[in-house]
Each structure stands twice: as C-alpha cells, then as structure tokens.
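First listed ligand is number 1; within each ligand, the first listed atom is number 1. The chain is numbered in sequence order, starting from 1. All values below were derived from every heavy atom in this structure, side-chain atoms included, with hydrogens, water molecules and symmetry-related copies excluded.
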Amino acid sequence: MSFNDLAVALEARRRDNLYRQRRVLESAQGPEVSVDGQRYLAFCSNDYLGLANHPEVIAALKRGADTYGVGGGASHLVNGHSQAHHALEEELAAFTGRERVLLFSTGYMANIGAVNALVDKQDAVFQDRLNHASLLDAGLLSGARFQRYLHNDPESLAQRLSRSEARRKLVVTDGVFSMDGDIADLPELSRVTREHEGWLMVDDAHGFGCVGATGGGCVEHFGLSNDEVPVLVGTLGKGFGTSGAFVAGSEVLIETLIQFARTYIYTTSMSPAVAEATRASLRLVQADSWRRDRLAQLIKRFRSGCEQLGYELMESPTPIQPIMIGDAGEAMRISAALAAKGIFISAIRPPTVPAGSSRLRVTFSAAHSEAQVDRLLDALDAVRIDRAAGGAA
Ligand SMILES: Cc1ncc(COP(=O)(O)O)c(C=O)c1O
C-alpha cells in the first residue's frame, strides 16, 4: 500500500489553486505582524476587539498560571474543573442572560458536542447552507436527517420544517456568517422554528464582543430570550481574544450536555490560566464600548472607500468585510499582490466557501487606526490599477 493516491489528490488540489499553506507568525497578534521574516499590516485575524495581546488579558493569564498552573490536568468530570472555569461559566451566564453556561475547549468541539447531545437518527437537523463547517460536521455526525435551507431564508426553512415528521427538529445557524459577515434574521428564524415546535441553535462565534450594545452578540442586538434561542454558542478565540468556547442556555440544556456531550466529557479541560485570561477579556468586552464604536467607524470608512474604488463588497455590517473575487487563482494573485505592498489578507477559497466565490476576507480590529484603513485602500487601488494595465500585480 503506497501513498500514491494521496499524492495525486494533493497534486489536484495544487492544480486547482486550492492548496493551503501555513504562514509562520513571529509576533503577537495585532494590526502589524511579522510573518516569515516580513512585517505586514494584517487584515485577516478574528481578533476583532484587539484583546489577544491586551496587557490586562496577559496579566490575568500569568496570574492564572501562578494560581492554577498551566494544564487543566484532566477532563471536567474527573478533576479538571477548576475554580477559574467555574467562575468564568457563571460570569458568561450573567453576560448572556442565560441560566447556565458550559465551557468547551474549542468552538468546533462545542458544536459537535451540543448537536450530538440533542439529536440522533430519529430526529432532523436543519442548517443554513452557509453555516460553518463545524456545524455541518456536527449535523452529519449525529445521524439525524440532514437538510440545508437557502441562506438566511426563513421561508425556505419553514417549507422544510413543515414537511418533517421527525421526533426533534433542531435548526442551526451562524449568528454572524463567518465568511460573509451578514447577520442571520434571528427573529424570523426563531418564529418559524417555534411555530414548528423546533429548537433554534445559534453559533454566534463572530457576533459576541462585536454585535450588541454590550457585546452580547446577535441575541442582544435583537433582544431574543432563552425561549427564542434556547441553544446559544459563543467562541472565545475571536472577539474575546483567548481560546475555547461555551454553550449558554437553561439548566436542563446544560445538564444534558454535561451528561451526553462527548466532546465535553472525553477531553482535557481548557487551560485554567486561559479561563482566567478570558475573565479579564470579558470585563473589557463589556466595559469598553469604544472598541465597538471604533470598529463601526473603520467599517464605514472602508466601505465608502471600496465603493469609490469599484470593489464588490458584501452586505455586511460587521468587522467581516469580504471582497468578492470569484476565481480561486485570481484571489490568490490579488492576495500576493497585496502582500508585495505589505498588506496581509489571505484568500479564502473552496471548500471553505462555495465554488466560484473565492474572496479576500478582510477583517477589522478595534486596534486598527483610520490611517491603516487608508493604507489598505491605497494598496487596493494600486492593485486594481496594476491589474487593469495587465501588469505584474
Ligand atoms: C461560526 C464558527 N463557529 C465555530 C468556529 C470554531 O471555533 P474554534 O476556532 O474555537 O474551534 C468558527 C471558527 O473557527 C466559526 O467561524
């Protein structure tokens, strides 16, 4: 048995301009980063509030390590559930206005664990066709009947729900769509789901911290209660600037996850020092509304600049502001042309996004300045002119 087959698949991926390569970051996360020996102005991290390298978060991590050590040491159900984890869960419950919260080590695991604890082959799961891969994988793994509805389309969802005779109906959606930046129509999705006696699960990985008056995400933005969104997921590696994830909901939901979510039960708890760091970032998320105001200013400046340059943007009010390119090879070339001008934005290609919709996923952080947005716009302008002239962009 040789690996020839694998080598052929790798070659095909390279030929289709879909090959992935890692870049080595030599600095902390921030607007300016050092990558593979070069300095870049970066617009592609999910550190939307600029907390990944914030001094108070770093200090809390160090204090946490001094008190609890680095490793969780065991799973939560053995002896890996520290006071730091417990306090963070209680603070996140207060923040989200839900009865209880359960921490997971990553968002991917939170989604796999929650969906699989709630549905099995007697049930049905309904997913937006642009949902994040972790949600799609969670649904497929559960064995529940798997259906995708049209993007952010409550009518399309309603049609599928009304035809279903499944025992449980779980509707799953991103809150802010990770690759497009638009916000799900949660009030309507919730109404339709409840009308058909289903449960709505919202993964607001990209909404927490950025959306809502106190950073409470899409449910805060729309004012949705626990009955309207009974399963609420947040991740900590994006707006919160640390790592890990949580599920928020009722006492019964959280006890169900503790008993049945395999990705909760059979894994080491997140580092307690990271839990302490996240407690500090949660305080900053809530207290510093200027970070959300700054993001809104940067987004406005970028969108009006792009409009003048003739770049096609998507309908997004969030820090995710993708520039649609289409062809994967073209997206790679524009990304490389920007890199040559000192701007780091990676090209997002299939299968992360649908075929023919490769894009530059531009993201902003509250740590960016207006002058840095202007530098990005100047580089986009120069790349556009070079390409129009058929030059070596
Ligand atoms: C919508 C969404 N859900 C979940 C995840 C996974 O979260 P994590 O990186 O914590 O595994 C991501 C991205 O990473 C995401 O974009």
Q) So, are Asp381 and Arg384 salt-bridged, with charged N and O less than 4.0 Å apart? A) yes
Q) In terms of atom number and element, which parts of ligand 1 are under 4.0 angstrom from non-hydrogen atoms of Ala205? A) 1 (C), 2 (C), 3 (N), 15 (C)
Q. Hey, is Ser178 touching ligand 1 through its side chain, its backbone, both or neither, going by heavy atoms under 4.0 Å?
A. side chain
Q. Without hydrogens or angle criteria, can the side chains of Asn111 and His132 be said to hold a donor-acceptor pair below 3.5 Å?
A. no
Q. Can Glu228 and Ser190 be counted as having a side-chain donor-acceptor contact under 3.5 angstrom?
A. no
(Q) Is it the case that ligand 1 has an N or O less than 3.5 angstrom from some N or O of Thr235? (A) no
Q. Can you tell me the protein heavy atom closest to atom 9 (O) of ligand 1 and the distance?
A. Lys238 NZ, 3.8 Å
**Q.** Proximity flag Ser134 to ligand 1, non-hydrogen atoms under 4.0 Å
**A.** yes
Q: Specify the protein heavy atom at minimum distance from atom 1 (C) of ligand 1: its residue, its atom name, and the distance to 0.1 Å.
A: Asp203 OD2, 3.3 Å
Q. For His206, is the nearest heavy atom under 4.0 Å from an atom of ligand 1?
A. yes
Q. So does Asp180 pair up with Arg359, basic N to acidic O under 4.0 Å?
A. yes
Q. Any N or O of Tyr108 that comes nearer than 3.5 Å to an N or O of ligand 1?
A. yes
(Q) Parallel, tilted or perpendicular, judged at 30° and 60°: which one describes the rings of His368 and Phe43? (A) parallel
Q. For ligand 1, which atoms, with element, lie under 4.0 Å from some heavy atom of Asn111?
A. 3 (N), 4 (C)
Q) Quick one: do Glu91 and Arg279 make a salt bridge, cutoff under 4.0 Å? A) yes
(Q) Using a 4.0 Å heavy-atom cut-off, which part of Thr106 comes near ligand 1: side chain, backbone, both, or neither? (A) both
Q) Looking only at protein heavy atoms, which one is nearest to atom 5 (C) of ligand 1, and how far off is it? A) His132 CE1, 3.5 Å
Q | Between Thr352 and Arg361, a side-chain donor and acceptor under 3.5 Å | A | no
Q: Please report which non-hydrogen protein atom sits nearest to atom 7 (O) of ligand 1, along with the residue it belongs to and the distance in Å to one decimal place.
A: Gly107 CA, 3.4 Å
Q | Separation of Leu189 CG from Asn152 CG (nearest 0.5 Å) | A | 6.0 Å
